[in-house]
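Input: a single structure, listed below in structure tokens.
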Number of protein chains: 2
Amino acid sequence: MAESKKEQAPNNGAGTRRRGDVLENAILQAAWDELETTGYNRLTMEAVAVRAQTNKTAVYRRWPNKAQLIIAALIKFAPKPSLEAADMGDLRTDVVTFLQGIFKPLQAIGPETIHGIMSEYPGKEHPMSKPLPPRSEDALFAAMKAIVGNAEKRGELQPDRLPERVISLPIDLLRYEMLTTHGSVSEDIVVQIVDELFLPLVRASVQGE
Amino acid sequence: MAESKKEQAPNNGAGTRRRGDVLENAILQAAWDELETTGYNRLTMEAVAVRAQTNKTAVYRRWPNKAQLIIAALIKFAPKPSLEAADMGDLRTDVVTFLQGIFKPLQAIGPETIHGIMSEYPGKEHPMSKPLPPRSEDALFAAMKAIVGNAEKRGELQPDRLPERVISLPIDLLRYEMLTTHGSVSEDIVVQIVDELFLPLVRASVQGE
DNA sequence: AGAGTACGGTACGTACCGTACCCTATATGA
DNA sequence: TCATATAGGGTACGGTACGTACCGTACTCT
């Protein structure tokens, strides 16, 4: 009667036991689903495991904590902005298009998740923990540089006159806005950033000084 | 022997039981100390209560959760930037001075605490929860506006030509930097923001258009 | 076939949350 | 002055989630 540990339900009726990438993908998919339905704060490792039809052990074998797991899920499933620097023959159009492409993905992730990750992610010494990439390796920044580079080739502005801060300004501000504005950010913020800040700075670097 | 609940240690030997503001201040002080020594993430309500030599009940009677408690502690104890708009007869000097005054306090609070609060603070419906102030009521923004106003009076720039985004730009960027840059942010970021972004935009608004 | 590896499943100890409960000191006012 | 309401002190509890240990078992690889 003691109902010993032997009571292990046959997995599916057949002995189909997932391993390796199959299991890993199932967990990440579960994490992504759970993130979308429950939100970061209330998401638990156990819920992810249950949804993936496995158990916490299998999850912890791969990621040391919630933040790492969710980062992995984001990398795999979150909508990515296209990093192709649109080259439409006009700097303003290119930048606006690019920023608008960032807008949706950032919004999809949402401030709760970002704050949660940033909060729980101390870069602690854990065998499995990967550090967040430094600013200079930011893919979005690289894309902006490419866009500016195209404009330089076209002669819209003189080469190497734009400080890096100007180039990263649109991304930084957009991120800040998405991070601090709970509720809804209107999409015309992109146009504002470009027309009221970025382009005037570009013009200033051409004429002045 | 049963050691019933009657075993209540006399508070100090004398019946000095703190109430009202005295107790409230003790708790906030304890929260602040705990925040400095332990950090936001590992801070617990119980630890605060113990440090204040009281118990969780007294804490929860006043603040519904950690985020609210810490916000109250920050308001009471965190170093505040002076909101006096320095008026030294030069826009650049005024803005740099002002931003440098913000730098230290922001750094003292630290990204961990800010992210933690932003993460746990959903603006939920709780009788005791106060909403975060909207952007337009931002005291720092008001101070920047005052500084710009002084410059207008001096004739350094024409009135009402500066978009609000330009005015809030230095604060926004500084905040973003403090929020995302773990580790140390160099203080000359202030000068960069002013010289590479803000002042060029001011000049552009005077000349251009 | 044999051995190592990794999954499945359970159970556990810990930590913290938020609340209920009761007792007691203090403030208040009839 | 004494009764009463209020609020602090103290404890204990149920609940949730964490992260790990343990063990049996399916799968993989050679």
Side-chain angles (χ1 to χ4, degrees), chain A residues 2-27 30-31 34 38-70 116 120 122 124 126-129, chain B residues 2-28 30-31 34 38-70 116 120 124 126-129:
Chain A
E3 209 97 8
S4 85
K5 290 181 182 176
K6 306 238 162 185
E7 172 114 12
Q8 305 212 2
N11 211 353
N12 274 332
T16 318
R17 180 177 279 188
R18 296 164 298 174
R19 289 183 168 264
D21 288 344
V22 180
L23 181 56
E24 177 160 331
N25 288 336
I27 295 174
E34 200 69 16
T38 320
Y40 185 85
N41 288 330
R42 313 199 316 171
L43 177 147
T44 73
M45 298 297 260
E46 182 129 30
V48 171
V50 168
R51 188 187 280 265
Q53 303 190 65
T54 177
N55 52 289
K56 277 190 295 179
T57 315
V59 180
Y60 278 108
R61 265 197 271 265
R62 293 173 166 76
W63 302 276
N65 52 53
K66 191 162 106 173
Q68 297 279 338
L69 168 63
I70 297 305
E120 291 183 21
K124 284 279 173 55
H126 188 289
M128 285 173 166
S129 75
Chain B
E3 209 98 9
S4 85
K5 290 179 181 178
K6 306 241 164 185
E7 172 116 13
Q8 306 210 2
N11 211 353
N12 275 331
T16 316
R17 180 177 279 188
R18 296 164 298 173
R19 289 182 166 264
D21 288 345
V22 180
L23 181 56
E24 177 159 331
N25 289 336
I27 295 174
L28 287 177
E34 201 69 15
T38 320
Y40 185 85
N41 287 330
R42 312 198 315 172
L43 178 147
T44 74
M45 298 296 259
E46 181 128 32
V48 171
V50 168
R51 188 187 280 264
Q53 303 190 65
T54 177
N55 52 289
K56 279 191 292 180
T57 315
V59 179
Y60 277 108
R61 265 197 272 265
R62 293 171 167 78
W63 302 276
N65 53 52
K66 189 164 110 173
Q68 296 280 337
L69 168 62
I70 296 305
E120 291 183 21
K124 283 279 173 55
H126 188 289
M128 285 174 167
S129 75

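Numbered from 1 within each chain, the chains take letters A, B, ... in sequence-line order. What's counted below: heavy atoms across the whole structure, side chains too, no hydrogens, waters or symmetry copies.
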Nearest whole angstrom, please: distance from the [atom2] of [N] to the [atom1] of [X].
| X | N | atom1 | atom2 | result |
| --- | --- | --- | --- | --- |
| A/Arg42 | D/dG15 | CZ | P | 18 Å |
| B/Met45 | C/dC16 | CE | C1' | 11 Å |
| A/Glu46 | D/dG15 | CD | P | 16 Å |
| B/Lys66 | C/dG18 | NZ | P | 10 Å |
| B/Asn41 | C/dA15 | CG | P | 17 Å |
| B/Tyr60 | C/dC16 | OH | P | 11 Å |
| B/Asn65 | C/dT19 | CG | P | 10 Å |
| A/Glu120 | D/dA17 | CD | C1' | 12 Å |

CG on A/Asn41 to CD on A/Glu120, rounded to 0.5 Å: 8.0 Å
A/Arg62 side, atom CZ; A/Thr57 side, atom OG1 - distance, nearest 0.5 Å: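 One gets 11.0 Å once the value is rounded to the nearest 0.5 Å.
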Side-chain N or O of B/Arg61 closer than 4.0 Å to phosphate OP1/OP2 of D/dG8: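 Answer is yes, contact under 4.0 Å.
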Smallest separation among heavy atoms of A/Ile70 and A/Ala31, with atom names: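 Scanning both residues, the minimum pair turns out to be CD1-CB, 4.3 Å.
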Shortest non-hydrogen separation from B/Gln68 to B/Trp63 and the atoms involved: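 Residues B/Gln68 and B/Trp63, closest heavy atoms: O-CD1, 3.9 Å.
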Polar pair under 3.5 Å, donor/acceptor by atom type, side chain A/Thr57, base C/dG9: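 Yes.
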Given C/dG18, D/dG10, D/dC18, the nucleotide with the shortest approach to the side chain of A/Lys56: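 Among C/dG18, D/dG10, D/dC18, the one nearest the side chain of A/Lys56 is D/dC18.
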Upstream residue (5' side of DNA chain D) when A/Asn55 and A/Thr44 are each assigned their closest nucleotide: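 This one resolves to A/Thr44.
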